[in-house]
K.L.:
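Below you'll find the structure I mean.
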2 protein chains.
Amino acid sequence: MDSNMAFDALADPVRREILGVLAAEDECSAGAIAERITSVGRTAVSTHLRVLRVAGLVSERRDGRFRYYSIDSSGSARDVLSLLHQVFRAGLQSVDGALPHEVGSERLA
Amino acid sequence: MDSNMAFDALADPVRREILGVLAAEDECSAGAIAERITSVGRTAVSTHLRVLRVAGLVSERRDGRFRYYSIDSSGSARDVLSLLHQVFRAGLQSVDGALPHEVGSERLA
DNA sequence: CAATCATGTCAGCGGTGGATGACACGTCAG
DNA sequence: CTGACGTGTCATCCACCGCTGACATGATTG
């Protein structure tokens with residue numbers, strides 16, 4: 001359903017870079033993330049984090065004046081992987097079943 | 001490397017719809033695909049097919065005046081799934097290993 | 001309360017990507 | 001060879017997206 005937003009969010013290289021940082025650090029404040037992303041400024045990183053959050057790919061935890069972000073693997077990431085497995089299953093020797101039931105039960109586009 | 005193009009290609013809803021058609025039909029001529037995609041015209045579908053082909057997500061077979069397209073699951077789709085598994089592995093009870101070796105050996109962004 | 005810090009938001013600008021119609025190219029039938 | 005057919009390509013227009021600097025907001029410190 002809203003996997004549309006997830007695919008869109010994943011299309012940006014900077015956003016994938018942010019996901020990479022979060023995958024390595026587990027939890028990170030917005031500022032700490034911005035420090036490791038050198039290609040764009042802090043403002044852009046903030047906006048990207050918003051997109052990722054709305055898309056359901058990362059989750060936000062507010063603590064004082066900090067905001068900590070982390071990977072959300074139970075959000076729309078499931079839908080994305082489900083869709084991809086459904087389309088490319090042929091050449092991927094039966095990875096179906098790796099995701100908890102109802103893989104292959106959703107509409108495609 | 002060129003998973004950039006693959007992610008970009010996957011970001012468009014029409015292109016995902018095309019992939020859905022191909023996943024269901026196994027092989028389809030350009031015209032047959034265009035007939036099933038009602039949201040845009042034939043020209044747009046042709047361009048989308050080009051993007052998908054360059055991205056390494058579909059393969060083309062020319063036969064006479066027809067061009068048959070089919071899902072390419074051994075192309076950059078592997079890189080995409082590899083990257084996603086690497087990032088979202090936490091909440092996905094160890095699906096790592098479902099892809100043939102060297103999963104998790106590439107850079108992230 | 002005033003100052004500072006972490007972060008999000010807004011307006012504006014420039015670039016990019018998608019849709020379309022007209023045209024070009026190869027292929028098959030007569 | 002000529003005409004019909006299947007497809008790809010090009011020029012154009014339009015809309016959306018990302019980047020930035022300036023400003024706003026909420027929280028902590030003294």
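Order of the sequence lines fixes the chain letters, A, B, ..., with proteins taken first and strands second; residue numbering starts at 1 for each chain.
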K.L.:
Could you give the CZ-to-P distance, from A:Arg67 to C:dT7, as a whole number of Å?
P.N.:
9 Å
K.L.:
Base contacts versus sugar-phosphate-only contacts with protein, heavy atoms under 4.0 Å: please encode nucleotides 16-21 of chain D as B, S and - from 5' to 3'.
P.N.:
--SSBB
K.L.:
Between C1' on C:dT27 and CZ on B:Arg61, what's the gap in Å once rounded to a whole number?
P.N.:
16 Å
K.L.:
By nearest nucleotide on DNA chain D, pick out whichever of A:Asp63 and B:Leu49 is the more 5' one.
P.N.:
B:Leu49
K.L.:
Between the side chain of A:Arg78 and the main-chain N/O of A:Ser73, is any donor-acceptor distance below 3.5 Å?
P.N.:
yes
K.L.:
Do the side chains of A:Phe88 and B:Val51 join up, straight or via other hydrophobic residues, at under 4.5 Å, putting them in one cluster?
P.N.:
no
K.L.:
Would you check if there is a donor-acceptor pair between the side chains of A:Ser59 and A:Ser70 at a distance under 3.5 Å?
P.N.:
yes
K.L.:
Check for me, please, whether B:Val40 and B:Ile18 land in the same ILVMFWY cluster - side-chain distances under 4.5 Å, paths through other members count.
P.N.:
yes
K.L.:
With heavy-atom distances below 4.5 Å as the criterion, would you say the side chains of B:Phe7 and B:Leu84 are in contact?
P.N.:
yes
K.L.:
Using whole Å, report how far CZ of B:Arg62 lies from C1' of D:dT7.
P.N.:
9 Å
K.L.:
Please state how far atom CD in B:Glu17 lies from atom C1' in C:dG18, giving the value in whole angstrom units.
P.N.:
15 Å
K.L.:
Can you identify which nucleotide, out of D:dT7, C:dT9, D:dG6, has its nearest atom closest to the B:Arg65 side chain?
P.N.:
D:dG6
K.L.:
From the options B:Leu52, B:Leu57, B:Ile71, select the one residue that forms a side-chain contact (heavy atoms from CB on, under 4.5 Å) with B:Leu22.
P.N.:
B:Ile71
K.L.:
Between C:dT9 atom C1' and A:Arg53 atom CZ, what is the distance in whole Å?
P.N.:
13 Å
K.L.:
Could you tell me whether the side chain of A:Met5 reaches within less than 4.5 Å of the side chain of A:Ser76, counting heavy atoms only?
P.N.:
no
K.L.:
Could you state the atom-to-atom distance from OH of A:Tyr68 to C1' of C:dG8 in whole Å?
P.N.:
17 Å
K.L.:
Does any residue of residues 27-36 of chain B have a heavy atom under 4.0 Å from DNA chain C, and if so, which ones, in number order?
P.N.:
none
K.L.:
State, with a plain yes or no, whether a side-chain heavy atom of B:Asp72 is found less than 4.5 Å away from one of B:Ser74.
P.N.:
yes
K.L.:
How far does the helix from C:dC1-D:dG30 to C:dG30-D:dC1 bend, going by the axes of its first and last five pairs, to the nearest 10°?
P.N.:
20°
K.L.:
Would you compute the distance between atom OG of A:Ser29 and atom CZ of A:Arg65 and round it to the nearest 0.5 angstrom?
P.N.:
12.0 Å
K.L.:
Is any side-chain heavy atom of A:Asn4 less than 4.5 Å from a side-chain heavy atom of B:Arg16?
P.N.:
yes
K.L.:
Would you tell me if any nitrogen or oxygen in the side chain of A:Arg50 comes within less than 4.0 Å of OP1 or OP2 on C:dT9?
P.N.:
yes
K.L.:
Under a 4.5 Å cut-off applied to non-hydrogen side-chain atoms, are A:Leu19 and A:Leu10 in contact?
P.N.:
yes
K.L.:
Is the distance from OP1 or OP2 of C:dG8 to the nearest side-chain N or O of A:Tyr69 less than 4.0 Å?
P.N.:
yes
K.L.:
Please report, rounded to the nearest Å, how far the C1' atom of C:dT7 is from the CD atom of A:Glu60.
P.N.:
10 Å
